[in-house]
Amino acid sequence: FIDVTPNNWKACEPPKGGSLSVREEVSSAFGRDPTAIVAEYRFKMALNFARQYVVRAPTKLRVEGTRLTKIDMLFIDRRTSIVASLSLMVLLFLIVFTVNTGFPVNIIFELLGLEEVARFIESMSLGGIVGSVIDILSSYIESQLAGGPPWLVSFVVEGIIGGLGAVLLLAPLILIASALVAVLEDSGLLPRVAVGSHRLLFRIGFSGHSVLPVTVCLGCNVAGIITARGVPGYWERLKFCILGALIPCQARLVVLAVLASVIGGLVGALSLLAVYAVSISLLALLSILLDRVTRAGGRPELLLEIPEMHKPIGRVIWWISWSRVKHYLAKAGIIIFLGSIAMWLLLHTTPTLSYTKNSEDSIAGALARTLTPLFKPLGVERWEVVLALIAGFVAKEIFLSTVVVATGNPNPVEAIAHLSLGTPTIVTVMVFIALYTPCLATVAVIRSESCNTKVALAAVLLALITAYTIALCIALLGDLIATYW
């Protein structure tokens, strides 16, 4: 024990440089973060106490110990840890999104030419069933209001029912994703996956805890950001809420695939892969940059207890899953619903505050024409594309439907081709779509998870600035290649 009587207080005074200089000195001497050193010695001391005072006796668990040790080594060994962790995450991804949307199995059948099978899988998924119920409800209400004013029918069917549909379509996805995550947590597999993937994510400013949110974000940013609730570090969790939307989700993949089809051939396929590479690279770059600018993160450490593996408890899984769904419906659901009504007003109200069916005459159409000069440096000179980008803020799928309505061509590929954008411009639009805010639901979830409106606005602003800047660089590069090629 240290003598801290008044006579010895001077010896306990902090150095002139403060605690920061002590941390820097320790870090320089040992080559490691002082927090990690202290934690390591705490665990060593606890282990020594356990060895001295805990009595070990052979039990039946010793028989199962060999099998459990092999599972542990599969996720901890440097040769197999990353492959095992990523394989488990890919399996989780396939289960969650195949059950909810049919993706990516439907894409595989489409590539094989079996489009009817792909459509059947989509219709039998949870999202397809919920969507069918919403369509039936919309048709019924529309028939009941057939004699009413057109604006009232459109507001109820597209605004209110459409807003409720946007909320309910994501509920099964969040429920299934939360349930599978709870199974991994309660069984003890998730800590092993975190250990196995830590070496890979450590290089881009995240710890192994973020492997699950990153994987889920590839299917849906909303579910991925909610899954980040399991990340223990506050800064890492907050950073993922801001940057997770940069990961292209399934909805953006559909739009990007249509745009790539307009380009066609090998160039279209390479453009799609390049957009994904740019998105993931920016996620890594901005993560490292935010750590250095804010100095809030430090080196991501992975200090966790790896529990014994056991059979998950159904009651615990249901409690975790249902609590997350309730949180989504109570917090993000209200914002999504109100935001959908606000977008209906923008798309169906003229500047003179009268109702219109034609989005070209709406406030959003006028706003699109006003913003078109801002997009000219990107090579985009058609107001239809700008209007589709504005409407895509609600959900990226609306981008295609807006272009279809604006051009009058029911085929999305032909509608975009009718705009005569050119390959460099289409690639620029692909990059912008992949990077700017994915949907209104994502913004609502960022707000609910961070409990801070400023964080949600900062995420939207960062995404817009990043999307415009990178798209501008792509456009300038395209012009340079066209000039000297």
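Predicted model, so just to flag it, every value in this text is computed and none were measured. Just so you know, these numbers use all the heavy atoms, side chains as well, and skip hydrogens, waters and symmetry mates. Start at 1 with the first residue, then count along the sequence.
If you take OG1 on T370 and CD1 on I363, they are separated by 11.5 Å, rounding to the nearest 0.5 Å. Annotation: the span from F240 atom CZ to L246 atom CG amounts to 10.0 Å, rounded to 0.5 Å. In this structure, M430 CE and T423 OG1 are separated by 10.5 Å, a value rounded to the nearest 0.5 Å. In this structure, the separation between CD1 on I470 and CG on L282 is 4.5 Å, given to the nearest 0.5 Å. For the atom pair L461 CG and T437 OG1, the distance stands at 9.0 Å (nearest 0.5 Å). Taking CG of L259 as the reference point, atom CD1 of I416 lies at 4.5 Å (rounded to 0.5 Å).
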L421/V380 under side-chain contact (heavy atoms from CB on, under 4.5 Å): CA gap, chis, key distance, verdict: CA-CA 7 Å; L421 298 177; V380 178; 5.6 Å; no

Verdict with reasoning, S321 to V325, per side-chain contact (heavy atoms from CB on, under 4.5 Å): CA-CA 6 Å; S321 305; V325 172; 5.6 Å; no

Check against side-chain contact (heavy atoms from CB on, under 4.5 Å), R192 and L88: CA-CA 11 Å; R192 290 162 172 81; L88 185 59; over 6 Å; no

Steps toward side-chain contact (heavy atoms from CB on, under 4.5 Å) verdict (F432, I474): CA-CA 10 Å; F432 190 88; I474 297 294; over 6 Å; no

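Side chain of S187 to main chain of L184: a donor-acceptor pair is present (N/O by atom type, distance under 3.5 Å, no hydrogens or angles). Within the 3.5 Å criterion, the main-chain N or O of S207 finds a donor-acceptor partner in the side chain of E236.
Residues I204 and S287 share a closest heavy-atom pair of O-OG, 2.7 Å. Counting all heavy atoms, side chain and backbone alike, V385 lies closest to F399 at O-CE1, 4.1 Å. Pairing each heavy atom of V443 with each of F393, the nearest pair is CG2-CZ, 4.1 Å. Scanning all heavy atoms of the two residues, the minimum distance from L378 to T425 falls at O-CG2, 4.4 Å. Scanning both residues, W318 and L175, for their nearest heavy atoms gives CZ3-CD1, 4.4 Å. For G208 against L201, the heavy-atom pair with the smallest separation is CA-CD1, 4.2 Å.
A heavy-atom distance below 4.5 Å is not found between the side chains of S279 and I247. A heavy-atom distance below 4.5 Å is found between the side chains of L462 and L243. Here the side chains of K396 and Y436 are in contact, with some heavy-atom distance below 4.5 Å. Annotation: side chain of E449 is not in contact with side chain of V455 (no heavy-atom distance under 4.5 Å). Side-chain contact between S450 and L238: present, with at least one pair of heavy atoms (C-beta onward) separated by less than 4.5 Å. Taking 4.5 Å as the limit, every side-chain heavy atom of W344 sits out of range of all side-chain heavy atoms of I160. Between V231 and F206 there is no side-chain heavy-atom pair separated by less than 4.5 Å. The shortest side-chain heavy-atom distance between I320 and D186 does not fall under the 4.5 Å cut-off.
The local environment of CZ in R42 is sparse, with at most 12 non-hydrogen atoms from other residues, nucleotides or ligands closer than 6.0 Å.
Partners of R369 by salt bridge (charged side-chain N to carboxylate O under 4.0 Å, His left out), not counting sequence neighbours, listed by chain and number: E360. By the side chain to side chain donor-acceptor pair (under 3.5 Å) test, R203 pairs with no residue at all, sequence neighbours left out. The side chain to side chain donor-acceptor pair (under 3.5 Å) search around T442 returns none, not counting sequence neighbours.
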